[in-house]
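Notes for the one structure printed next.
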Amino acid sequence: MKDITIVGGGIIGLCSAYYLNREGYKINIIERGDLSNGCSFGNMGYISPSHFVPLASPGIISQGLKWMLSPTSPFYIKPRLNLDLMQWGYHFWKSSTTAMVQKNSPHLNDILQMSRGLMNDLTADLGNTFEMEGKGCLMMCKQQKTLDHEFHLADEAEKFGLNVERLTRDAVQKLEPDIELDVAGAVLFKEDAHLNPGKLMSALKTYLEKSGVQFQLNTTVTGFEKINNSITSVITDKGTFHCSELILATGSWLPVVAKMMDIRLLLQPGKGYSYTYKHVENNVKYPAILVDGRCAITPWGQQLRIGGTMEISGINNKILVKRMQGVYDSAKRFYPGLKIEFPSADKIWSGLRPVTPDGLPYIDRAEKYNNVLIAGGHAMLGISEATGTGRLVTDIIQHKTSDIDVSAFRLNRF
């Protein structure tokens with residue numbers, strides 16, 4: 001059985017390792033960090049079949065230009081002379097049409113629905129130490145026109161077989177009896193679930209270690225050795241590691257690592273912010289997307305996480321406090337009865353989401369090499385699509401036909 005090296009220890013890398021390990025492959029994971037932080041840890045923890053509409057969608061460009069004028073807005077692109085950014089922006093613009101959304105939504109729905117089912121199996125296998133709850137997620141709207149739009153999306157969701165419930169203001173308030181709300185209504189997506197992403201990552205790492213998967217942590221890839229059209233070794237600052245098969249799952253660093261083997265990918269890091277309150281008296285009961293505010297809120301017992309924003313400003317860890325201020329202000333507008341204080345700047349978490357121009361991930365073999373597979377670009381849906389991606393990666397490695405059409409996830413589509 002071949003040995004497989006996975007570069008990247010985020011949720012995509014770990015789920016790929018999980019399914020490959022079950023098939024008997026020997027796995028070695030190389031990760032630049034220590035698996036204690038990163039985008040797979042500080043996100044909102046959603047499993048979201050409801051998110052079948054890609055980020056690149058009609059109206060996002062014009063709305064984004066308006067948002068760029070506000071320092072607390074949920075969307076921001078830092079203007080800069082960068083060829084990769086300009087090409088990414090061009091293809092993002094081309095993808096933001098009704099025709100492209102109609103083309104891409106079924107493929108996004110397929111992997112989301114597949115992943116949702118597999119997540120139940122993973123939870124049963126690992127044990128629910130990561131607090132997964134399948135009570136659904138609210139798409140909560142403050143303005144009536146926003147609610148009308150969400151009701152229209154609910155109609156589209158039902159065409160994909162999703163179970164939804166349209167809620168009035170009073171109906172939403174009944175779901176949250178302990179906290180005063182100020183909303184027009186909501187749509188409840190009943191198949192959605194939420195979990196604690198940090199605990200999921202820890203559970204997966206523990207399971208994989210017990211199953212014989214090797215981890216090379218705090219290890220930075222500096223290059224690759226190749227013979228003809230095969231990558232034979234991964235060169236790192238901690239030594240050189242042989243590989244028979246190589247999987248790149250490095251999140252927002254995917255273009256940087258792929259470039260080392262002369263593979264060019266259009267992908268931009270989209271920074272998101274979050275803060276987790278450790279003890280909230282009269283906490284919310286349901287996770288919710290605050291649609292007008294473009295942010296989200298997730299409860300785990302007495303803990304509460306608020307988060308959001310999409311800041312396209314390159315790879316950096318700079319905290320723009322006003323971005324988090326916008327998230328906090330939105331949460332307080334939707335939940336005026338929620339007793340939370342604005343966090344200090346040094347406590348705000350940020351992470352980089354890997355965003356493709358069309359909102360679909362890359363899951364495909366590299367054309368230049370016969371033993372390289374790339375899995376990444378899941379944007380805000382990494383947790384939601386992780387199990388499905390891991391299964392698809394395993395199918396590709398084993399040369400099996402997958403249960404869903406993977407052609408939309410090919411590397412050379414731009």
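These numbers come from the heavy atoms of this one structure, side chains and all, not from hydrogens, waters or symmetry mates. Residue numbers start at 1 and run along the sequence shown. Every value quoted in this text rests on a predicted model; they were computed, and no experiment measured them.
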*Check the side chains of Asn218 and Lys238 for a donor-acceptor pair under 3.5 angstrom, ignoring hydrogens and angles.*
no

_Restricting to salt bridge (charged side-chain N to carboxylate O under 4.0 Å, His left out), what partner residues turn up for Arg166, sequence neighbours left out?_
Asp155, Glu158

*Could you check Ile363 against Ile111 for side-chain contact (heavy atoms from CB on, under 4.5 Å), going step by step and ending with a plain yes or no?*
CA-CA 11 Å; Ile363 309 172; Ile111 190 171; 3.8 Å; yes

*Partners meeting side-chain hydrogen bond (donor to acceptor under 3.5 Å, both in side chains) with Lys135 (sequence neighbours left out)*: none

*asked:* Please give me the minimum heavy-atom distance between Pro197 and Gly45, naming the atom from each residue.
replied: CD-CA, 3.9 Å

*Applying side-chain hydrogen bond (donor to acceptor under 3.5 Å, both in side chains), which residue pairs with at least one partner in residues 370-379 are found, sequence neighbours left out?*
Asn229-Asn370, Ser230-Asn370, His378-Thr389

*side-chain hydrogen bond (donor to acceptor under 3.5 Å, both in side chains) partners of Tyr18, counting only residues at least two apart*: Arg22, Asp125

*Before accepting this row, confirm whether a basic side-chain N of the pair Asp403/Arg391 lies closer than 4.0 Å to the acidic partner's carboxylate O.*
no

_Within 6.0 Å of NZ in Lys285, more than 12 heavy atoms from elsewhere_ = no

*Without hydrogens or angle criteria, can the side chains of Asn28 and Thr5 be said to hold a donor-acceptor pair below 3.5 Å?*
no

*Would the number of heavy atoms belonging to other residues, nucleotides or ligands and lying under 6.0 Å from CZ of Phe342 be above 12?*
yes

*Between Asp182 and Arg333, does at least one N-O distance fall below 4.0 Å, as a salt bridge requires?*
no

*Name all residues meeting the salt bridge (charged side-chain N to carboxylate O under 4.0 Å, His left out) criterion together with Asp110; count only those two or more places apart in sequence or in a different chain, and write none if there are none.*
none

*Counterpart residues, salt bridge (charged side-chain N to carboxylate O under 4.0 Å, His left out), relative to Glu245 (two or more places apart)*: Lys2, Arg365

_Counterpart residues, salt bridge (charged side-chain N to carboxylate O under 4.0 Å, His left out), relative to Glu31 (two or more places apart)_ = none

*asked:* Test of understanding: with side-chain hydrogen bond (donor to acceptor under 3.5 Å, both in side chains), list the residues that count as partners of Ser407, not counting sequence neighbours.
replied: Asp405

*Could you list the residues that satisfy side-chain hydrogen bond (donor to acceptor under 3.5 Å, both in side chains) with Lys318, not counting sequence neighbours?*
none

Donor-acceptor pairs under 3.5 Å, side chain of residues 184-193 to any protein atom, not counting sequence neighbours: which ones?
from, atom 1, to, atom 2, distance (Å)
Lys190, NZ, Glu165, OE1, 3.3
Glu191, OE1, Asn163, N, 2.7
Glu191, OE2, Asn163, N, 3.4
Asp192, OD1, Ser50, N, 3.2
Asp192, OD2, Ser50, OG, 2.5

Tell me which donor-acceptor pairs under 3.5 Å the side chains of residues 145-154 have, and how far apart each pair is, sequence neighbours excluded?
from, atom 1, to, atom 2, distance (Å)
Thr146, OG1, Asp292, OD2, 2.6
Asp148, OD1, Gln144, NE2, 2.9

_Listed partners of Tyr286 passing ring-ring contact (aromatic ring centres under 6.0 Å, His included), at least two apart_ = none

